[in-house]
Amino acid sequence: MSSNMEEKPLSVEKRLTLTKFEIFEKPHIIVDTEKCSKCETKPCIKACPAGLYSLDENGKLVFVYEGCLECGTCRLICPYDAVSWSYPPGGHGVWYKFG
Amino acid sequence: MAPVIVYSEEESWGKQLLTAAKGLGDPVLFTFNRNVAEKLSGMYTRTYYVKTDSFDPVAISGALRDVVNKESATILLFPCTNKGRMIAGLTSGALGFEAITDAVSVVKTGEGLEVEKLTFGGNAMAKVKAGDKASVCIVSGSYKETEEAGSTGELVEIEAKAGSVEVEYSPRKMEGVDPTKADVVVGAGRGVKKKEDLEMIKELASLLGGAWSVTRPLAADYGWADSWIGISGLVISPKLYIAIGISGQPHHTMGVRGAKIIVAINNDESAPIFEEADYGVIGDLYKVVPVLIKKLKERKQQ
Amino acid sequence: MRVLVAVKLTYDINQLKFEKDGTPLLDACPRVMGEADKCALEEAVKLKDAGKAEEVTVLTIGSSKEHQRILKDAYAMGATKAVMVKVDDPDSLSALSVARIISSYAEKTGPYDLILLGSGAGDTHSSVVGPMVASLLGVPLLANADRVSVENGSVTIVSTLEDGQYKFTSKMPAVVTVTSEANEPRIPTIRDILRSKKKPIDETTPEELGAHVSKINIESIIKYEVPRKRVKIDATDNVEEAVEKLIKALEEEGVI
Amino acid sequence: MSEKFDVVVVGGGPAGLSTAYFLAEKGFEPVVIERGPEPGSKNVFGGRIYSYVLDKYFPGWRKEAPIERWVRKERMSITCESDSVTLDYVKHKPLKEDEYDSFTAFLSKFTGWLSEKAEEKGAMVLPGSRVEDIVLNDQGYASGVVADGEKIEADYIVIAEGVNTLLSEKLGIRSKPRLETTALGVKEVIRLGKEEINKRFGLEDWEGVAHFFIGGPLKGIAGGGFLYTMGEYVTIGAVVRLSEVNRKEITMKDIAEQLRLHPAIYRYVKDGVLMEYSAHLTREGGLLDVLEKPYGPGYLVVGDAAGFILNTGFTIRGVDLAIESGRLAAEAISKAHEEGKRDAETLSVYKRLVEESVIYRNLREYRNLPKFLENEVLYRDLPDIACEVLGTAYTTDEEVRRIYPVLMNSLKSHGLGWITLFKLFLEARRSI
């Protein structure tokens with residue numbers, strides 16, 4: 001996998017492959033997407049530094065937990081308290097080698 | 001010339017490794033497959049055929065060791081397959097030879113063997129000096145198959161000593177074509193959501209007159225197939241490989257690097273498989289594959 | 001029964017990065033206990049849990065803090081003894097040298113009924129060390145186990161090889177190599193981790209074991225890329241057009 | 001196993017490990033429970049640590065801590081689309097190693113070192129376990145924790161969870177951080193090699209640069225960018241208020257790359273190898289964010305979890321304050337233990353100690369800064385004005401270009417009058 005940088009932006013997906021993860025089989029963050037359907041601004045999409053929140057073809061909010069940097073932004077920014085947020089179980093999740 | 005012993009249980013491997021062996025010395029074949037022995041004995045200087053009822057690695061390696069001693073050979077070549085690695089390890093351990101795996105080229109120099117080999121899951125290529133007594137496992141596709149028949153080689157039949165391992169074998173249930181021999185292979189990965197959806201993959205494979213297979217999780221975790229493509233499974237080198245819904249973990253891509261053309265169909269633009277592909281189709285496989293099948297059918301009718 | 005498990009500290013190849021000139025940045029690459037090795041250890045600990053094994057000794061070759069860490073992790077998973085064979089640069093040992101160290105240790109501290117290893121390391125993936133250990137010790141090899149069962153002094157494994165599925169059975173002692181499909185290694189609880197903290201790590205050296213070792217002579221190591229065309233075809237909007245483009249390209253390549 | 005510990009520290013970051021270090025020094029046997037697979041594996045910061053605190057408590061640290069570079073150059077840039085204005089502060093006098101007052105580091109590695117120090121003193125560090133809850137006894141005293149489903153008892157609990165302190169929220173002593181005073185930092189680690197870094201930044205040996213900037217890709221956004229030189233690497237990143245993300249057109253996942261490709265930065269990191277991408281929250285409320293009662297029956301709160309973090313406008317200080325709060329927590333627990341008590345009243349000595357310490361001295365001094373930093377003028381107008389004025393000053397051709405009229409025009413076009421500027425100046429004087 002190449003991480004040599006060129007003069008164009010690297011997608012966040014690509015950048016996330018450079019960070020080490022010990023992914024747990026179950027998600028540590030659960031999003032109640034029912035609540036999201038009421039939310040007009042959906043700030044999570046803009047705010048998540050890993051780009052894990054997006055909309056599907058039907059305009060429904062989709063969240064994936066693999067690649068979560070555990071920053072906690074979505075927990076704070078969600079105006080509808082739709083994000084049940086916790087840390088992954090011991091030994092799992094993001095593993096910063098530099099930090 | 002000093003003898004170079006090739007271990008092979010398959011015709012195609014026997015021909016690839018013969019090409020490699022010729023550059024190193026006098027090729028001698030060792031096999032427990034009678035068919036292979038008969039077909040290839042005309043190409044090798046000598047062929048040892050071991051009679052055995054089952055694949056007991058210890059018993060087979062014992063027979064090979066006897067042959068190595070008899071021939072006073074110092075270079076052994078193996079296919080870089082699971083079985084090849086087992087026999088290479090057992091034999092080299094007993095003989096005190098070094099074993100180098102994942103080799104793509106082997107050259108003899110004044111100081112011994114110089115081997116180029118893949119490492120770090122195929123992400124890197126290392127050049128190593130292997131000394132003068134070594135077993136080398138060669139990656140499929142590194143050498144072209146030779147068709148040259150030499151003079152009628154000698155065929156020696158030997159018996160393997162009974163081993164202590166009981167072996168039960170159930171052959172791979174082959175639906176259609178063998179991926180290791182096909183010109184076209186269609187591979188399915190985790191992007192394929194349900195087992196029933198494999199039908200679409202199989203249809204595409206049969207339209208192209210080729211074989212289908214899957215990645216390791218689909219075979220080992222979900223049980224959708226008996227074998228998989230990758231460094232720990234089947235290593236293939238078809239003319240065309242179509243990777244469908246495959247992200248491209250190094251262990252998978254290393255198994256398909258011998259392919260002439262690789263096509264990847266995946267909706268994740270950042271999937272590493274695109275780095276390994278000649279043609280990367282970015283799109284939903286559930287939309288792309290049906291259209292591909294439709295167009296190929298139209299093309300056939302024309 | 002006594003079980004010996006050999007584990008390797010491997011580079012996480014998914015995290016391996018390269019300098020512009022292709023030199024691998026190994027110093028910056030995270031290292032972990034081999035995935036398959038961890039499954040081998042899990043099999044051993046399962047035997048202990050089932051009351052079939054009394055001793056589970058875990059051995060690794062190396063001398064770094066990370067080697068210590070994986071041995072502590074092994075204790076936390078349930079190993080009863082951890083051994084570090086001190087070698088400064090274990091990655092430069094040849095497969096044969098590694099096998100000699102493991103088999104010498106087994107001979108010196110044995111007999112062991114079962115010697116378990118991962119079927120291959122995530123980084124080098126040679127898969128020859130287990131077979132070599134078997135032949136050095138002169139015991140049967142059962143390799144590439146997707147499933148392991150031990151009953152009445154015999155071990156049976158199921159293995160998927162190129163041409164089908166094999167079931168191998170043999171009396172113990174035996175060497176068994178385990179694939180990463182064999183099980184899901186346990187996640188230690190805090191009490192396990194707490195206990196592991198207090199356990200000592202035995203140290204020895206290849207010399208003490210009388211194992212003759214040699215280094216492999218690596219002349220160069222460089223990023224490897226198969227030259228590919230990397231033509232992108234966008235099928236997110238117009239699938240029909242994209243597929244036509246693909247078929248045309250494959251026709252021109254002469255592969256369909 | 002019915003083991004009971006003196007002290008359980010939740011979180012193996014700088015604050016938690018320091019608490020354990022100082023406790024162990026006093027003869028306690030603290031246990032640090034860290035959810036990451038190794039100490040430091042969940043830690044992220046910008047890149048700089050101040051020396052004074054280590055000088056005080058860790059003799060010999062300059063020889064053994066994982067120091068990347070000693071900071072010799074401080075830079076501050078106001079960045080526009082195509083040009084920037086930079087203030088460069090360099091210490092010219094040759095410095096001995098023990099004279100540098102700050103250094104760059106990777107926090108994961110630094111924390112790993114702190115963990116070793118704590119263990120040397122006799123603390124036990126248990127990575128790989130997540131604390132889910134604090135156990136309260138009948139009298140409402142914290143008496144243990146639940147980690148990955150198992151209960152561990154202790155006389156004292158120290159909460160060192162960092163910015164997302166879920167346990168404090170569960171205890172009801174803290175509410176969720178507010179968007180207005182919380183910022184998201186994103187960061188990239190780029191490998192360039194030591195020699196190349198020295199060449200590009202005009203450095204010698206292991207000297208380093210700390211570079212802070214506003215504007216550029218962050219134009220009009222309350223936040224700043226940073227660049228630190230590490231031994232073989234450069235780290236770049238941006239820190240942006242969450243309320244800004246809410247209000248403005250800004251996509252956090254792209255910010256780091258926009259920063260990297262901005263001409264003011266790209267020239268420094270060109271041809272590097274990207275090694276890691278990370279993100280972390282930080283508090284920016286200063287004194288407003290500090291926990292009013294960082295103590296309670298049987299527990300104390302330290303470091304980031306207690307709000308001991310300081311944004312000076314140029315840099316965010318956390319590690320030094322975390323270490324200091326760990327020392328004071330150890331002090332407080334030791335005192336309480338001598339008296340055989342664990343009630344809130346006895347443990348409140350911690351708060352008094354903190355108030356007398358370097359932590360409060362600084363937080364108090366900078367208490368008006370967060371408000372000042374909310375001024376949009378700083379991010380929206382200042383970069384343009386600065387670049388326009390200096391752009392004129394340094395342009396010479398046949399035209400007559402005087403600076404003053406340009407300044408006046410520039411101010412006018414940004415709708416800034418003297419009164420606004422004067423107010424801003426007064427505010428700045430009170431804050432910085």
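Worth knowing before you read on, the calculation uses all heavy atoms, side chains too, and leaves out hydrogens, waters and symmetry mates. A note on names: the letters A, B, ... follow the listed sequences, proteins ahead of strands, and every chain is numbered from 1.
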Trainee: Quick one: which of A:Ala47, A:Pro89, A:Pro43, A:Gly72 has the most heavy-atom pairs under 4.5 Å with chain D, could you say?
Mentor: A:Pro89
Trainee: Working note: D:Leu281 + A:Leu76, criterion side chain to side chain contact (heavy atoms under 4.5 Å, CB included); need CA distance, chi angles, decisive distance, verdict.
Mentor: CA-CA 10 Å; D:Leu281 288 182; A:Leu76 304 186; 3.6 Å; yes
Trainee: For a quick test of reading the model, state the closest non-hydrogen atom pair linking A:Ser86 to D:Leu166 and the distance between them.
Mentor: CA-CD1, 4.1 Å
Trainee: State whether the side chain of D:Arg260 and the backbone N or O of A:Lys8 hold a donor-acceptor pair below 3.5 Å, judged by distance alone.
Mentor: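 Yes; at least one donor-acceptor contact below 3.5 Å.
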Trainee: Which value, rounded to the nearest 0.5 Å, describes the distance between D:Leu179 atom CG and A:Ile77 atom CD1?
Mentor: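 The distance works out to 5.5 Å.
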Trainee: Side chain, backbone, both or neither: which part of D:Lys187 has an atom under 4.5 Å from a heavy atom of chain A?
Mentor: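 Just its side chain gets close to chain A.
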Trainee: Report which part of D:Pro127 has an atom under 4.5 Å of a heavy atom belonging to chain A: side chain, backbone, both, or neither.
Mentor: neither
Trainee: With a 4.5 angstrom heavy-atom cut-off, is it the side chain or the backbone of D:Phe110 that approaches chain A, or both, or neither?
Mentor: neither
Trainee: Looking at side-chain heavy atoms only, is the closest gap between D:Leu107 and A:Phe98 below 4.5 Å?
Mentor: no
Trainee: Top residue by heavy-atom pair count (under 4.5 Å) with chain A, among D:Ile255, D:Leu242, D:Asp254?
Mentor: D:Leu242
Trainee: I would like to know whether D:Glu38 and A:Lys97 meet salt bridge (Lys or Arg N to Asp or Glu O under 4.0 Å); could you show each step before the answer?
Mentor: CA-CA 10 Å; D:Glu38 55 186 21; A:Lys97 299 310 280 188; 3.2 Å; yes
Trainee: Taking D:Glu276 for its side chain and A:Thr19 for its backbone only, find out whether a donor-acceptor pair lies under 3.5 Å.
Mentor: no
Trainee: Does the pair A:Leu69 and D:Tyr277 meet the rule for a side chain to side chain contact (heavy atoms under 4.5 Å, CB included), with working shown?
Mentor: CA-CA 9 Å; A:Leu69 299 169; D:Tyr277 173 60; 3.8 Å; yes
Trainee: May I ask you to decide whether A:Glu13 forms a salt bridge with D:Lys253, counting only side-chain N to carboxylate O separations under 4.0 Å?
Mentor: no
Trainee: Run the salt-bridge test on A:Lys46 and D:Glu244 with the 4.0 Å N-O cut-off and return the result as yes or no.
Mentor: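 No.
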Trainee: Highest number of heavy-atom pairs under 4.5 Å with chain A: which of D:Pro177, D:Gly36, D:Gly47?
Mentor: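 It is D:Pro177.
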Trainee: Say you draw a straight line from OG1 of A:Thr73 to CG of D:Leu184; how long is it, rounded to the nearest 0.5 Å?
Mentor: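 Going from OG1 on A:Thr73 over to CG on D:Leu184, the span is 4.0 Å.
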Trainee: Under 4.5 Å from any heavy atom of chain D, what part of A:Pro79 do you find: side chain, backbone, both or neither?
Mentor: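 Neither; nothing under 4.5 Å.
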Trainee: What do you reckon, is NZ of D:Lys151 surrounded by more than 12 foreign heavy atoms closer than 6.0 Å?
Mentor: no
Trainee: In the structure I gave you, are the side-chain heavy atoms of D:Ser278 and A:Arg15 within less than 4.5 Å of one another anywhere?
Mentor: no
Trainee: Would you give the length of the straight line joining atom OG of D:Ser41 to atom NE2 of A:His92, rounded to the nearest 0.5 angstrom?
Mentor: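 Between D:Ser41 OG and A:His92 NE2, I get 12.0 Å after rounding to 0.5 Å.
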Trainee: For A:Asp81 versus D:Lys176, what's the shortest heavy-atom pair and its separation?
Mentor: OD1-NZ, 2.9 Å
Trainee: Would you say D:Glu81 has more than 12 foreign heavy atoms packed within less than 6.0 Å of its CD?
Mentor: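 Not buried by this count: 12 neighbours or fewer within 6.0 Å.
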Trainee: Nearest 0.5 Å, please: how far is OG1 in D:Thr251 from CD1 in A:Ile45?
Mentor: 10.0 Å
Trainee: Do A:Tyr96 and D:Phe106 have ring centres separated by under 6.0 Å?
Mentor: no
Trainee: Under 4.5 Å heavy-atom distance to chain A, tell me which part of D:Thr111 shows up: side chain, backbone, both or neither.
Mentor: neither
Trainee: Is A:Ser11 close to chain D through its backbone or its side chain, or both, or neither, when contacts mean heavy atoms under 4.5 Å?
Mentor: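 Interface part for A:Ser11: neither.
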Trainee: What option among D:Glu169, D:Met230, D:Glu132 has the most heavy-atom pairs under 4.5 Å with chain A?
Mentor: D:Glu169
Trainee: Using 4.0 Å as the upper bound for N to carboxylate O, is an ion pair formed by A:Glu70 and D:Arg35?
Mentor: yes
Trainee: Output yes when a side-chain donor or acceptor of D:Asn164 lies under 3.5 Å from a complementary backbone atom of A:Cys71, and no otherwise.
Mentor: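 Yes.
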Trainee: At a heavy-atom distance under 4.5 Å, which candidate from D:Gly128, D:Gly40, D:Ser108 has the highest pair count against chain A?
Mentor: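 Looking at each of D:Gly128, D:Gly40, D:Ser108 in turn, D:Ser108 comes out on top.
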